[in-house]
Amino acid sequence: MASVKDLKDLSPQELDEFRNDMRHSAAHVLAEAVLKLHPEAKLTIGPTIEVGFYYDFDVDEPFTPDDLKAIEKEMRRSINRNSKFVEREVTREEAREQVLDNPYKVEILDGIPEGTRVTFCSHSDGAFEDLCRGGHVEQTVDIKAFKLLSTAGAYWRGDENNKMLQRVYGTAWESKEAQADYLHRIEEAERRDHRKLGRELGLFFFDPIAPASPFFLPKGAFVVNELTAFVRDLYKRYDYKEVITPQIFNTDLWRKSGHYDNYADNMFFINIDETEYGVKPMNCPAAAMLYGSETHSYRELPLRYADFGRLHRYERSGVTHGLTRVRSLTQDDAHIFSTMDQIGSEIRGFLDMLRDSYEVFGFDNPRFTLSLRPEKRVGIDDMWDRAESALEEILADSGFEYETVSGEGAFYGPKIDIFVPDALKREWQLGTVQLDFSLPERFNLEYAAEDGARHKVVVIHRAMLGSIERFLGVLIEHLGGAFPLWLAPLQAVIVPIADRHVAYAHDVKEILEKHGLRVEVNDSSDRMNAKIRAAQLQKVPYMLVVGDREAEENAVAVRTRTGGNLGAVSITEVVESLVKETEQKSLEPLLSATDD
RNA sequence: GCCCCGGUGGCGCAGUGGCUAGCGCAACCGAUUUGUAAUCGGUAGGUCGAGGGUUCAAAUCCCUCCCGGGGCUCCA
């Protein structure tokens, strides 16, 4: 049990442990305060989380913001009274006797093996006691800083068939400063929220007329197209062939693919001419149609079909979120048709491509998971054995950190998922690569082998950026909306100081545009300060100020959005540098204050 | 889908039963011609999310629905 006095000497692990103990203790104090103010409340569980703690209560009336304030006040009172945390060990059966009036605690105890000893923890000199797994600070004043953040509904044991409880979230830290830092980080994350930035930067918006489906304005569409072009470029190098497939299919296809039985709740259906059609939520069946439309030889394999088709998924109303969870989306989707022996090299090739591309965006720490066979699945175990060990081996060789999760694979095959965190530290799945043993069976997808015999192909589904929409959302937060030059819809704003410089400004614009650069002149009647500010708020990478001096020497005064004023630079040099920075897809400006 | 909170000009917000519903930014018009984050003045713009109800009177109270937010659940 760590003591606060020697906080400064704690190792990172010890500090983690101390925070954990403190947050757990704070949860106890929270429970005490709630019981005091709402005696009818039933306690359930109160674990710690990465940045704090929560406690779930069964109460008749949900907590209001005022309740939250009152509870927080009561907690402070209890902490300031300062009492020791005391643990008491009893048998499971004794504990059960004590909590008989609380069905939740009884359920918890009944889940523990008979004869196990359990602990109660108390503070406030025994006035409050709760069943507990242990791990506390010594006394209540060791909870140095805490704050209740929010309330939310949450199902008992996370099961939506169970009763909904009221959850109170809080954060707690070893010092006021550490807490202030954390709260500041939250604010910063809110500033980077892609939904807010999407609006402010004129990238996209949402309208109730098409729930959870983004409208991309010209600037947003530019970035989306640029991302797509980036992927297409990689496809050339990695020998993918792009295909185009329909949007709406007769339901017969969805029955054949299995989507009708397994995914219909997430699909949009249309009835025309007494026939039912489904809007595609995935490209796979269409890819299978393409493959099946011709006979194939082993010589053609692997065959890689890329499809940027627009998908529609009916996501339940409570789960949509900005661009990261939408109902209308596009994936950088491809299906690879290969032999069993080619799986290894195909996935290796995909991971190479993925590594190269994530680096371009500055995603240096993607997290990988390998999901293995679930209970309910198709295919014989021998096939799963081979596929799983192939994936495992590739990941082990790749140098990426990864973890294995059993039972999480798709029913049709094992998969690797790639996750990246957004500004609020929520992780989002971007890329995925999945083996599919089911599609070839259902659509009878075969190839003629060397000996003339027919074999089933293996299908590999893979997406690198995942949903382009989601990728853009995560990217906006990652970059705080400041796109690197190659992705910036507007690369530079030319700022004439007075009207007499406007003509020269347009000359400069023409030269830059001839070199493929995206430039605008701000010839409004605003003062230059206001023009700088406007460009700055739009996160335009470069501001090129032109006045008498610049016009005279065929130059522009360069300012970067990071605030650096580089003074006069010749137009030739600016063109050269910006073109180079664009071509290199550089994350940092090449023209920077430290140059010359 | 479930719990709570919310929806007022393009955007951000104020207004909690009582005259023609306000403010800031943006937009538009005019003046200003300025050296690195906001020049000044004026104009226009709103069936207060939708429908129903209560009331002499509803942005404001009640009901239903839609949409958004924080969570939960889900995520082939």
Side-chain angles (χ1 to χ4, degrees), chain A residues 54 56 59 61-65 67-68 149-169 190 193 195-196 199-200 202 205-212 254 257-267 281-285 311 313-322 324-325 371 374 408-413 415 417 424 426 428-429 432 434 436 438-439 461 467 495-502 523-538 543-550 557-561 563-568:
Chain A
Y54 68 81
D56 285 346
V59 283
E61 292 287 315
F63 299 121
T64 64
D67 288 335
L68 210 60
L149 297 176
S150 59
T151 60
Y155 299 104
W156 167 239
R157 303 232 140 149
D159 184 337
E160 64 179 320
N161 296 314
N162 286 341
K163 180 160 188 189
M164 180 156 279
L165 308 170
Q166 291 303 314
R167 177 170 297 179
V168 176
Y169 280 100
E190 279 167 7
D193 190 319
R195 294 165 301 184
K196 191 167 174 285
R199 225 325 142 198
E200 288 171 3
F205 66 92
F206 290 88
D207 189 280
I209 209 71
W254 305 116
S257 69
H259 286 87
Y260 205 82
D261 293 328
N262 294 296
Y263 202 63
D265 285 351
N266 285 300
M267 287 177 64
M282 290 167 214
N283 293 309
C284 324
L311 309 177
R313 299 180 181 176
Y314 180 75
E315 300 287 358
R316 295 162 86 191
S317 64
V319 307
T320 59
H321 178 88
T324 47
R325 190 84 177 264
S371 301
E408 287 295 306
F411 77 89
Y412 50 72
K415 61 174 182 173
D417 290 323
L424 293 161
R426 284 177 297 221
W428 291 98
Q429 185 199 324
T432 185
Q434 314 184 348
D436 192 334
S438 165
L439 204 64
H461 310 267
S467 141
V495 178
I497 288 177
D499 278 353
R500 63 177 181 281
H501 308 121
V502 168
D523 54 7
S524 74
S525 62
D526 280 336
R527 291 171 48 188
M528 77 161 301
N529 284 327
K531 295 179 185 179
I532 297 270
R533 178 180 145 86
Q536 198 76 50
L537 289 175
Q538 285 296 303
M543 283 144 268
L544 310 176
V545 177
V546 296
D548 292 334
R549 296 203 290 272
E550 289 75 17
V558 177
R559 177 191 163 111
T560 64
R561 64 184 159 197
N565 179 2
L566 316 188

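Each chain gets a letter, A, B and so on, in the order the sequences are listed, and its residues count up from 1. What you are looking at is a predicted structure, and each value in this text was computed from that prediction instead of being measured.
- In this structure A:Tyr169 satisfies the side chain to side chain donor-acceptor pair (under 3.5 Å) test together with A:Arg167, sequence neighbours excluded.
- Nucleic acid contact for A:Leu537: base, since at least one base atom lies under 4.0 Å from a heavy atom of the residue.
- Residues A:Tyr169 and A:Thr64 each lie close to RNA chain B; by heavy-atom proximity, the contact nearer the 5' end of the strand is made by A:Thr64.
- Listed by chain and residue number, A:Arg377, A:Trp384 satisfy the side-chain contact (heavy atoms from CB on, under 4.5 Å) test with A:Pro374 (two or more places apart in sequence, or in another chain).
- With hydrogens and angles ignored, the 3.5 Å screen pairs a side-chain donor or acceptor of A:Lys531 with a backbone N or O of A:Ser524.
- With sequence neighbours excluded, no residue forms a salt bridge (charged side-chain N to carboxylate O under 4.0 Å, His left out) with A:Arg199.
- Minimum heavy-atom separation, A:His259 to A:Pro285: CE1-CG, 3.8 Å.
- If you find the closest nucleotide of RNA chain B to A:Tyr412 and to A:Glu160, the one lying nearer the 5' end belongs to A:Glu160.
- Base contact: A:Ala557 has a heavy atom under 4.0 Å from a base atom.
- The CG atom of A:Leu165 sits 13 Å away from the C1' atom of B:G71 (whole-angstrom rounding).
- Nucleic acid contact for A:Tyr263: sugar-phosphate only, since backbone atoms but no base atoms lie under 4.0 Å from a heavy atom of the residue.
- Under the rule for a side chain to side chain donor-acceptor pair (under 3.5 Å), A:Gln538 has no partner lying at least two apart in sequence or in another chain.
- Take A:Asp526 and apply the salt bridge (charged side-chain N to carboxylate O under 4.0 Å, His left out) test, not counting sequence neighbours, and it matches no residue.
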Filtered N/O pairs between nucleotides 31-33 of chain B and protein, under 3.5 Å:
| unit_1 | atom_1 | unit_2 | atom_2 | d |
| --- | --- | --- | --- | --- |
| B:A31 | N6 | A:Ser525 | OG | 3.3 |
| B:U33 | O2 | A:Asp499 | N | 3.2 |
| B:U33 | N3 | A:Asp499 | OD1 | 3.1 |
| B:U33 | N3 | A:Asp499 | OD2 | 3.0 |
| B:U33 | O4 | A:Asp499 | OD2 | 2.6 |

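- With a cut-off of 3.5 Å on both Watson-Crick or G-U wobble distances, the partner of B:U43 is given as B:A27.
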Footprint string (nucleotides 41-52 of chain B, 5' to 3'): B base within contact, S backbone only, - free, heavy atoms under 4.0 Å: ------------
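- If you check every strand for non-hydrogen atoms under 4.0 Å, A:Glu550 touches a base.
- OP1 or OP2 of B:G70 has at least one side-chain nitrogen or oxygen of A:Arg195 nearer than 4.0 Å.
- Checking the phosphate oxygens (OP1, OP2) of B:C4, no side-chain nitrogen or oxygen of A:Thr151 falls inside 4.0 Å.
- Backbone-only engagement by A:Gly158 is indicated by non-hydrogen atom pairs under 4.0 Å involving sugar-phosphate atoms exclusively.
- Nucleotide B:U16 has no partner under the Watson-Crick or G-U criteria, as no pair reaches both atom distances under 3.5 Å.
- Heavy atoms of A:Ala212 sit under 4.0 angstrom from primed sugar atoms or phosphate atoms, though from no base atom.
- Only the P atoms considered, B:A26 is 11 Å distant from B:C40, to the nearest whole Å.
- Put simply, the side chain of A:Tyr155 and the base of B:G1 share a donor and an acceptor less than 3.5 Å apart.
- Remark: the separation of the C1' atoms in B:G7 and B:G49 is 6 Å, to the nearest Å.
- None of A:Asn565, A:Ile497, A:Val558 except one satisfies the side chain to side chain contact (heavy atoms under 4.5 Å, CB included) rule with A:Val545; the exception is A:Ile497.
- Not one side-chain nitrogen or oxygen of A:His321 sits closer than 4.0 Å to the OP1 or OP2 atom of B:G71.
- Of the nucleotides present, B:G1 is the one that pairs with B:C72 by Watson-Crick or G-U wobble criteria, both distances under 3.5 Å.
- Backbone-only engagement by A:Met282 is indicated by non-hydrogen atom pairs under 4.0 Å involving sugar-phosphate atoms exclusively.
- Taking atom P in both B:U39 and B:G24, the straight-line distance is 16 Å, to the nearest Å.
- Within 4.0 Å (heavy atoms only), A:Asp548 reaches at least one base atom of the nucleic acid.
- Applying the 3.5 Å distance criterion, the base of B:C72 shares no donor-acceptor pair with the side chain of A:Arg316.
- In this structure, the nucleotide among B:G70, B:C74, B:C67 sitting nearest to the side chain of A:Pro211 is B:C67.
- Pair check for B:C65 finds B:G49; Watson-Crick or G-U wobble, both atom distances under 3.5 Å.
- Note on A:Ala410: nothing from the nucleic acid sits closer than 4.0 angstrom, heavy atoms only.
- Spacing between B:C25 and B:U43 at atom P, rounded to whole Å, works out to 15 Å.
- Applying the salt bridge (charged side-chain N to carboxylate O under 4.0 Å, His left out) criterion to A:Arg561, with sequence neighbours excluded, gives no partner residue.
- Nucleotide B:U33: unpaired (no Watson-Crick or G-U wobble partner with both distances less than 3.5 Å).
- A:Thr64 pairs by the side chain to side chain donor-acceptor pair (under 3.5 Å) definition with A:Asp67, not counting sequence neighbours.
- The two residues A:Leu311 and A:Arg313 have their closest heavy-atom pair at CD1-NH2, 4.1 Å.
- For the OP1/OP2 pair of B:A37 and a distance below 4.0 Å, the side-chain nitrogens and oxygens of A:Arg559 include at least one atom meeting the criterion.
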Tabulate protein N/O versus nucleotide N/O from nucleotides 7-16 of chain B, keeping only pairs under 3.5 Å, one per line.
none

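- Straight-line distance between the P atoms of B:C23 and B:G9: roughly 15 Å, to the nearest whole Å.
- The side chain to side chain donor-acceptor pair (under 3.5 Å) check on A:Glu200 picks up A:Lys196, with sequence neighbours excluded.
- The distance from atom CG of A:Asp523 to atom P of B:U34 is 17 Å, rounded to the nearest whole Å.
- Here B:C4 is the nucleotide among B:C72, B:A37, B:C4 with the atom lying nearest to any side-chain atom of A:Pro62.
- Separation of the P atoms belonging to B:G42 and B:G53 is 44 Å when rounded to the nearest angstrom.
- Applying the salt bridge (Lys or Arg N to Asp or Glu O under 4.0 Å) definition to pairs two or more places apart or across chains, those involving residues 151-161 of chain A are A:Glu107-A:Arg157, A:Glu160-A:Arg316.
- The separation of B:G12 from B:G46, taken at their C1' atoms, amounts to 16 Å, rounded to a whole angstrom.
- Contact annotation: A:Tyr54 side-chain N/O to B:G70 OP1/OP2 distance is not under 4.0 Å.
- No engagement by A:Glu315 is indicated, since no non-hydrogen atom pair under 4.0 Å with the nucleic acid exists.
- Look at the P atom in both B:U64 and B:G17: the space between them is 23 Å, to the nearest Å.
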